Amino acid sequence: MYQARDIRAKVPAASRQRILDQGREVLGVEAQALTLQRDALDEDFARAVELILATQGRVVVSGMGKSGHIARKMAATFASTGTPAIFVHPGEAAHGDLGMLLAGDLLVVLSNSGATPELGPIMTYARDLGCPIVAISAQRHSPMARLASAAIILPKVRETCPVNISPTTSTTLMLALGDALAVATMSMRGITRAELERLHPGGHIGLRLLPVNDIMHVGDRLPLVVATTPMREVLLIMTEKSLGIAGVLDGDGRLVGTVTDGDLRRNIDRLLNSVAGDVMTRHPKTVPDGTYAEDAKAILAANKITALFVMDHDRPDTPIGLIHIHDFNRIGMN
């Protein structure tokens with residue numbers, strides 16, 4: 001069986017410190033560059049967002065090499081925040097994929113130099129179709145920037161590569177600008193959490209935006225008693241449901257309190273001679289139905305409790321479900 005070697009013992013402590021220093025230096029340089037980019041944002045950024053908002057078709061993003069990888073991620077971020085977008089490889093575009101760009105689309109092109117030759121055909125085609133062009137480049141007077149309807153210029157910064165060649169700082173800036181464009185556009189569109197939920201049905205984001213109605217306990221699984229229920233019976237119900245809580249209802253079915261494991265411990269001396277109304281905690285924490293799983297989990301954590309009753313939106317005093325901390329683990333939302 002293959003065994004991974006522990007190379008740490010072969011790296012002197014001084015070398016490990018050098019590695020840490022190098023990593024911190026890179027992050028520090030890129031953080032400073034992001035601050036410069038933030039301060040350098042001008043009317044062209046606002047113009048770019050206005051062009052995106054006015055686009056009837058899609059945002060088509062293109063770039064070559066490392067800028068192309070950033071362009072692909074940028075298109076994905078636009079699409080996931082409510083702006084239809086695709087990535088088109090400029091080399092493939094010149095060999096037949098120009099048809100992926102349509103009248104009514106907007107073209108976003110990324111190039112640190114602003115003179116990447118592979119971008120020429122797709123930019124010319126966009127201009128012929130009347131598609132607006134947004135350019136992201138470090139060269140304000142580059143051919144790409146001159147053709148653009150809005151040119152977002154990167155600040156003059158050094159790549160963190162030791163020989164100032166490999167795209168590092170520049171691609172970090174492009175990545176952040178893509179996020180800034182997408183989020184600013186999303187904000188101006190007024191995209192809601194409900195709309196994001198439809199765009200993110202899977203993965204961790206989908207779980208966070210899942211309504212508690214989809215995972216809560218309902219019907220016969222609800223541990224419910226009335227205020228006059230003897231605590232002996234309450235204990236049996238809590239044991240049977242195994243959720244560490246019982247909801248206490250009044251005569252009209254409204255939730256007036258809860259009995260939890262903590263309440264049992266606090267009242268242990270008088271427990272078996274009491275009824276639910278004697279032991280319960282009044283005004284328990286609850287959430288309305290439709291609450292996002294992420295928000296319900298945050299309420300549990302903030303109040304250091306393990307369960308919440310879910311209340312009917314139309315009758316906010318009436319419980320229709322129960323969410324337990326273990327339910328989040330069950331669906332993989334740890």
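Just so it is clear, the model here is predicted, and its values are computed rather than measured.
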**Student:** So if you build clusters from Ile, Leu, Val, Met, Phe, Trp, Tyr with side-chain heavy-atom gaps below 4.5 Å, do Leu271 and Ile237 land together?
**Tutor:**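 Yes, one cluster joins them.
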**Student:** Please check if the number of heavy atoms outside Arg270 that lie under 6.0 Å from its CZ is greater than 12.
**Tutor:** yes
**Student:** Does any non-hydrogen side-chain atom of Thr116 lie less than 4.5 Å from one of Met144?
**Tutor:**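 Met144 vs Thr116: side chains apart.
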**Student:** Quick check: are there more than 12 heavy atoms from other residues, nucleotides or ligands sitting under 6.0 Å from CZ of Arg221?
**Tutor:** yes
**Student:** Give the minimum heavy-atom separation between Phe328 and Ala293, together with the two atoms involved.
**Tutor:** CE2-O, 3.4 Å
**Student:** Which distance, rounded to the nearest 0.5 Å, do you find between the CG of Asp21 and the OG of Ser15?
**Tutor:** 11.5 Å
**Student:** On a heavy-atom basis, which atom in Asn213 and which in Gly290 lie closest, and how many Å separate them?
**Tutor:**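 Residues Asn213 and Gly290, closest heavy atoms: OD1-N, 2.6 Å.
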**Student:** When clusters are formed by joining ILVMFWY residues with side-chain heavy atoms under 4.5 Å apart, either directly or through shared neighbours, do Ile299 and Ile215 land in the same one?
**Tutor:**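 Linked, Ile299 and Ile215 end up in one cluster.
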**Student:** Find out whether Pro223 and Val259 are in side-chain contact, i.e. whether some heavy atom of one side chain is under 4.5 Å from a heavy atom of the other.
**Tutor:** no
**Student:** Test of understanding: clusters of I, L, V, M, F, W, Y form through side-chain heavy atoms closer than 4.5 Å, transitively. Do Leu175 and Leu177 belong to the same one?
**Tutor:**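 Yes; Leu177 is reachable from Leu175 via cluster members.
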**Student:** Over all heavy atoms of both residues, which pair between Ala103 and Cys131 is shortest? Give the atoms and the distance, please.
**Tutor:**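 Here Ala103 and Cys131 meet closest at CA-SG, 4.2 Å.
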**Student:** If you define the side chain from C-beta out and look only at heavy atoms, does anything of Met311 sit under 4.5 Å from Leu255?
**Tutor:** yes
**Student:** What is the distance from atom CZ of Arg58 to atom CG of Leu107, rounded to the nearest 0.5 Å?
**Tutor:**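 Between atom CZ of Arg58 and atom CG of Leu107 there are 11.0 Å.
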**Student:** Go through it in stages, so that I can follow the logic: the residues are Thr185 and Thr81, the test is side chain to side chain contact (heavy atoms under 4.5 Å, CB included), and I'd like the CA-CA distance, side-chain angles, deciding distance and then a yes or no.
**Tutor:** CA-CA 8 Å; Thr185 302; Thr81 52; over 6 Å; no
**Student:** Which atoms form the tightest heavy-atom contact between Gly114 and Pro143, and what is the distance?
**Tutor:** O-CD, 3.5 Å
**Student:** I need the Asp42 CG to Ile152 CD1 distance, nearest 0.5 Å.
**Tutor:** 8.0 Å
**Student:** The test is side chain to side chain contact (heavy atoms under 4.5 Å, CB included); show your working for Leu300 and Thr306 and say whether it passes.
**Tutor:** CA-CA 6 Å; Leu300 290 173; Thr306 60; 5.8 Å; no
**Student:** Hey, does Leu110 have a side-chain heavy atom less than 4.5 Å from the side chain of Val61?
**Tutor:**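 Yes; the side chains approach each other to less than 4.5 Å.
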**Student:** Check the surroundings of atom CG in Leu20: do more than 12 heavy atoms from other residues, nucleotides or ligands lie under 6.0 Å from it?
**Tutor:** yes
**Student:** Charged N to carboxylate O below 4.0 Å: is that the case for Arg266 and Asp263?
**Tutor:** yes
**Student:** Contact between Thr168 and Glu30 at the side-chain level, heavy atoms closer than 4.5 Å - yes or no?
**Tutor:**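 Counting from C-beta outward, Thr168 and Glu30 do come under 4.5 Å.
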**Student:** Under 3.5 Å, side chain of Lys156 to main-chain N/O of Ala138, donor-acceptor pair present?
**Tutor:**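 A pair under 3.5 Å: yes.
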**Student:** Start with the C-alpha gap between Asp250 and Arg282, add the side-chain angles, then the distance that decides, and say whether salt bridge (Lys or Arg N to Asp or Glu O under 4.0 Å) holds.
**Tutor:** CA-CA 12 Å; Asp250 66 10; Arg282 295 182 180 275; over 6 Å; no
**Student:** Which atom names give the shortest non-hydrogen contact between Leu322 and Ala307, and what distance separates them?
**Tutor:**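 What the structure gives for the nearest pair is CD1-CB, 4.1 Å.
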**Student:** Is there a side chain to side chain contact (heavy atoms under 4.5 Å, CB included) between Ile245 and Phe309 once you walk through the steps?
**Tutor:** CA-CA 10 Å; Ile245 192 172; Phe309 275 97; 3.9 Å; yes
**Student:** Would you compute the distance between atom OG of Ser67 and atom CD of Glu118 and round it to the nearest 0.5 angstrom?
**Tutor:** 11.0 Å
**Student:** Under a 3.5 Å threshold, yes or no: a donor from one side chain and an acceptor from the other, between Glu159 and Ser170?
**Tutor:** yes
**Student:** For residues Ile122 and Leu98, determine if any side-chain heavy atom of one lies less than 4.5 Å from a side-chain heavy atom of the other.
**Tutor:** yes
**Student:** Atom CG of Leu36 and atom CG of Leu41: how far apart are they, to the nearest 0.5 Å?
**Tutor:** 11.5 Å
**Student:** So, for Arg47 and Ala150, which heavy atoms are closest and what is the spacing to 0.1 Å?
**Tutor:**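 Heavy atoms only, the tightest pair is CG-CB, 3.8 Å.
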**Student:** Enumerate the residue pairs fulfilling salt bridge (charged side-chain N to carboxylate O under 4.0 Å, His left out) with a member in residues 226-248, sequence neighbours excluded, ordered by first and then second residue.
**Tutor:** none
**Student:** State yes or no: do Met100 and Tyr125 share one hydrophobic cluster built from I, L, V, M, F, W and Y residues joined by side-chain heavy-atom distances below 4.5 Å, directly or via other members?
**Tutor:**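 Same cluster: Met100 reaches Tyr125 through Ile, Leu, Val, Met, Phe, Trp or Tyr contacts under 4.5 Å.
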**Student:** Drop me the distance from Thr258's OG1 to Leu224's CG, to the nearest 0.5 angstrom.
**Tutor:** 11.5 Å
**Student:** Treating Ile, Leu, Val, Met, Phe, Trp and Tyr as nodes and any side-chain heavy-atom pair under 4.5 angstrom as an edge, say whether Leu106 and Leu147 lie in one connected cluster.
**Tutor:**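 Leu106 does not cluster with Leu147.
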**Student:** Are more than 12 heavy atoms from other residues, nucleotides or ligands located less than 6.0 Å from atom CG of Asn164?
**Tutor:**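 Atom CG in Asn164 is packed in, count exceeds 12.
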**Student:** Any donor and acceptor pair, going by atom type alone, linking the side chain of Thr35 with main-chain N or O of Ala31 inside 3.5 Å?
**Tutor:** yes
**Student:** Should the pair His324 and His326 be assigned to parallel (<30°), tilted (30 to 60°) or perpendicular (>60°) ring geometry?
**Tutor:** tilted
**Student:** Hey, are the side chains of Arg189 and Ile52 touching, using non-hydrogen atoms and a 4.5 Å cut-off?
**Tutor:**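 Of all side-chain heavy-atom pairs linking Ile52 with Arg189, at least one is under 4.5 Å.
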**Student:** I'd like to know if Lys73 and Asp179 make a salt bridge, using a cut-off of under 4.0 Å between side-chain N and carboxylate O.
**Tutor:** yes
**Student:** Taking it one step at a time, do Met216 and Ile320 satisfy side chain to side chain contact (heavy atoms under 4.5 Å, CB included)?
**Tutor:** CA-CA 9 Å; Met216 68 186 184; Ile320 60 171; 4.1 Å; yes
**Student:** With distance as the sole test, does Thr160 use its side chain to make a donor-acceptor pair with the main-chain N or O of Val26 at under 3.5 Å?
**Tutor:**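 Between the backbone of Val26 and the side chain of Thr160 there is no qualifying donor-acceptor contact (under 3.5 Å).
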**Student:** Evaluate the side-chain proximity of Asp105 to Gln56: yes if any heavy-atom separation is below 4.5 Å, no if none is.
**Tutor:**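 The answer is no; the side chains never approach within 4.5 Å.
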